[in-house]
Amino acid sequence: MKRSLAFGGLVATAGLLAAGLAAPAQAAGDVASTPLANTNLAAQEVAAFWYGEAKANLINATPYGVETKIVAKHVSTGGPSADTKPGVVPAIGDEKKTTSKSKNVNLPKTVGKVFFIGGDGRPHWCTATSVQSGYRNLVATAGHCVYDTESNKATLDKWVFVPGYYQGKTPWGIYVGKQAFTHYDYDVYEDGDRDYAFVTVYNGVLPESVRADRHYESKVFRTRAEAEKELRRLEADKTTGWSDLRIVEVRGGRGNDDHHHGRGDHRGRDNDRGRDYDRGRDNDRGYKVAVSVADFAKLNPNKDLTGNGPWAEGTGADAPVEISKSDYRSDQDSYVSRDGSTLYFRKPVDGKPGDGDGHHGGGKDGDHHGGGKGGWGDGRDLAPSPSPSPVTSESPAADSTPANDQGEDKGKGRERVYKYFKRTFWATKQGVVGYKVVGKKLAIGLKDVGRLGDNVGGQGLAYNQKVGKPVFIFGYPSGSHPDGNYAFTGKTLKWAYGKTFAVQAPEVKGEELLGVKTSFTGEGSIGSSWLLNYQSARRLGYLNGVTIGLADTDKNGRIDTSVSPYFDGETYGVYKSAANLWSGKIV
C-alpha cells in the first residue's frame, strides 16, 4: 500500500531497540544462497589473483556499469510498507551504546570496494560495507554487485571485499567472498525491490611474500577454436589465479625451440622440466602434422601411396590399418575419404600384379599409384567415392554399387578375394602447426590478518523503519552526469545526507523503493551504504539501504536522486540466513 511520508529526527539506539527486535515473519524459500570460493585453496587463488602483478587487476578495475541508471528514465512516487514491526541489529561495539548528534562527519572504516570479474570478463568494482554478524564476517552490497544479471551466471567471479581501498592500497587486507545470500525474487526474477545481497567472507589476507609468477602453457591444440575453448575454460575457473592468459601460435621447424623444453607437452604442465616434450615431433625437424592425401601426393610424385616408400624427406605414411570389407565403401581399388585425410585401398589376397587398368601395378599414364603422368603426383584423381554421404568419420559413404559379398572382381570375368586397408599421412611443417594457451599462475605468499569486523567494525541493520528519516550515504561515486560534467572520480570515499522518500521504478520491477536527493554519479556509487542514526564520532550507524540506481528526476542533465530497496522483514530474513555462518581462515 502507499505510505504517508513521516519526517522524523534522529532516534536514540535505546528507542530503536525498544521498538521491537522480534524476528519478522519470513516465507519459506525466500533466501537464495550460492557459494563463491568454497574451499581454502580456491580462496587463496582468488586473493592471489588480485594481489598478483603488482595489484594490476585492482588498480585497472573499472566501476561496474550494469543497471546503473536503471531508474533514471522513470521514477515516480509510490511507497514501501513495513511488513512487521520496526527492528534493528546494533553495530559491532554499539550493542549497549546510545547515539548522539555530531556536526563533523568522519568517514566509516567499514565501507570499501568489492572487486570481481564481470560478465564481460574484465575486473570491476562496486561499493559495499561491513555489517554486524555472529562471526564478524559479513558484507552488504547491491544484489547486482554479486549476481551476474548480464550473462545470467550464478555469481560474479573472484569476488573480494577491500575496506578502505585507495589506489591499490589494501590497509586492512583483502577479504575473499565465501557465500552469497540474496532474496529468491532477485536471484530468479531480478526484482528491484530485492536488489540487495549479504556475503560471508573469509579472514582477511595481506601479501607476505611475492614469488615470480609461474609460467603456464597448455597442450598444443590443432585448431584455434580448440585453444579458444580451453582459454574460456581457464578464465571461468574460480579455483586458480590465472593471469595474462592468451593464445599463441606453435611453429615447427629446425632450431625453433620456443614450444619445446617441457612445456607444450600435451599435459598442461606449468613447470620448465617436463619430459614428453618431443611427443609429436620428428626429432628436431619440426612437428609432425597430418596432411591430406592430395598434399602428400604432391610431396611424393610418382609414388605408390599403398607401398612402403621411400618418401620425400620430412614426410611419412602411417602403417596401413586393415579394415573389414563392410567398412570399405566402394567397388574401386582405392578412394579417398570425403574430408581428404584418409586413403582407402584394397589388394588381392593372391598377390598377383594388377591388370594395367590404372589401379595398382600397371604404370599407365593417369594411374593412381604407379609411375606415369597424371597420377597422384599432380594431385588429380583424388575424388572420394561417388556416394552422397559418409557412413563413418573416416570413410565416405557407400558407393551405389559396393563390392560384392565375396570381394570378387567380376569385371574381367574372374573372381578375386581382397584385403582392405586404410592409411593416413604426415609431414613436418615449418609454419604454424597448432595453438596453445599461455599465461601465468600466480604464486603469492599470504598472511592472515583476522576477521573483518575485528579490523574495521560492522554497521548495524535497521528494517521496517518509517519513510522520511534522514540517512547518511557513503560510497565511491564516479563518472559523469548526463550533461557530461564529471563531478566524482570514484577514487575516494564520499558522503551525502538526506531524508528518504518513497519512489517506484517499474522499469526494474521496483514498486517499494526509497529515494534520497544526492548528486552521486556513476557506477561506483552502486552498493553505497545508507546509514540511519550514524554516529560520526564512533563511525557507526544502522544499515537501512544500499544504492541500486541513480536518477535525473527533473531532466536537467544532472543526477539528483539515489535509489535503494526498502529494508523490511524479508530483508532481515536474508540477513539472518547469512549472519551466523562461520567462514574461517584461508591461510
For the residue pair [Y] / [X], report whether a side-chain donor-acceptor contact shorter than 3.5 Å exists.
X      : Y      : value
Tyr566 : Thr500 : no
Gln459 : Thr110 : yes
Thr571 : Tyr196 : yes

Open item on the list: Once salt bridge (charged side-chain N to carboxylate O under 4.0 Å, His left out) is applied, what residue pairs with a partner in residues 479-491 remain, sequence neighbours excluded?
Closed with: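 Residue pairs with at least one partner in residues 479-491: Asp483-Arg558.
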TODO: Mind jotting down which residue pairs meet the salt bridge (charged side-chain N to carboxylate O under 4.0 Å, His left out) criterion with at least one end in residues 197-206? Sequence neighbours excluded, please.
DONE: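 Residue pairs passing salt bridge (charged side-chain N to carboxylate O under 4.0 Å, His left out), neighbours aside: none found.
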Would you say [X]'s side chain and [Y]'s backbone share a donor-acceptor pair under 3.5 angstrom?
X      : Y      : answer
Trp125 : Leu58  : no
Ser480 : Tyr486 : no
Asn40  : Lys585 : yes

Partners passing ring-ring contact (aromatic ring centres under 6.0 Å, His included) against [X] (at least two apart in sequence or in another chain):
X      : answer
Phe181 : none
Phe198 : Tyr575
Phe161 : none
Trp172 : none

- [ ] Only counting residues at least two apart or in another chain, list the ones meeting salt bridge (charged side-chain N to carboxylate O under 4.0 Å, His left out) with Glu230.
- [x]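 Expected list: Arg233.
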Atom pairs and distances, donor-acceptor, side-chain atoms in residues 446-453, under 3.5 Å, two or more places apart:
residue : atom : partner : partner atom : Å
Asp448  : OD1  : Asn203  : ND2          : 3.2
Asp448  : OD2  : Gly450  : N            : 3.0
Arg451  : NE   : Asp454  : OD2          : 2.7
Arg451  : NH2  : Asp454  : OD1          : 3.3
Arg451  : NH2  : Asp454  : OD2          : 3.1

Any [X] side-chain heavy atom under 4.5 Å of [Y] side chain:
X      : Y      : value
Trp50  : Val162 : no
Val574 : Asp30  : no
Gln44  : Val587 : yes
Pro63  : Tyr476 : no
Leu532 : Lys469 : yes
Leu513 : Asp193 : yes
Val438 : Leu245 : no
Phe49  : Glu45  : no

Could I get the full list of side chain to side chain contact (heavy atoms under 4.5 Å, CB included) partners for [X], not counting sequence neighbours?
X      : result
Tyr189 : Tyr184, Asp185, Lys509
Thr62  : His124
Lys178 : Thr200, Tyr202, Ser583

Task: Thr518 and its side-chain hydrogen bond (donor to acceptor under 3.5 Å, both in side chains) partner, picked from Ser525, Ser562, Ser528 - done: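 Testing Thr518 for a side-chain hydrogen bond (donor to acceptor under 3.5 Å, both in side chains) against Ser525, Ser562, Ser528 leaves exactly one candidate, Ser562.
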Open item on the list: So, using side-chain hydrogen bond (donor to acceptor under 3.5 Å, both in side chains) as the criterion, who are the partners of Asp560 when residues are at least two apart?
Closed with: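 In terms of side-chain hydrogen bond (donor to acceptor under 3.5 Å, both in side chains), with neighbours along the sequence ignored, Asp560 is linked to Thr553.
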Open item on the list: Can you confirm whether or not the ring centre of Tyr165 sits under 6.0 Å from the ring centre of Phe115?
Closed with: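 Yes, ring centres under 6.0 Å apart.
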Open item on the list: Suppose we call two aromatic rings close when their centres sit under 6.0 Å apart. Are Phe116 and Tyr64 close by that rule?
Closed with: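 For Phe116 and Tyr64, the ring centres are under 6.0 Å apart.
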Open item on the list: Taking atom CZ as the centre, does Arg122 end up with more than 12 heavy-atom neighbours from other residues, nucleotides or ligands that are less than 6.0 angstrom away?
Closed with: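 It does not: Arg122 CZ has 12 such atoms or fewer within range.
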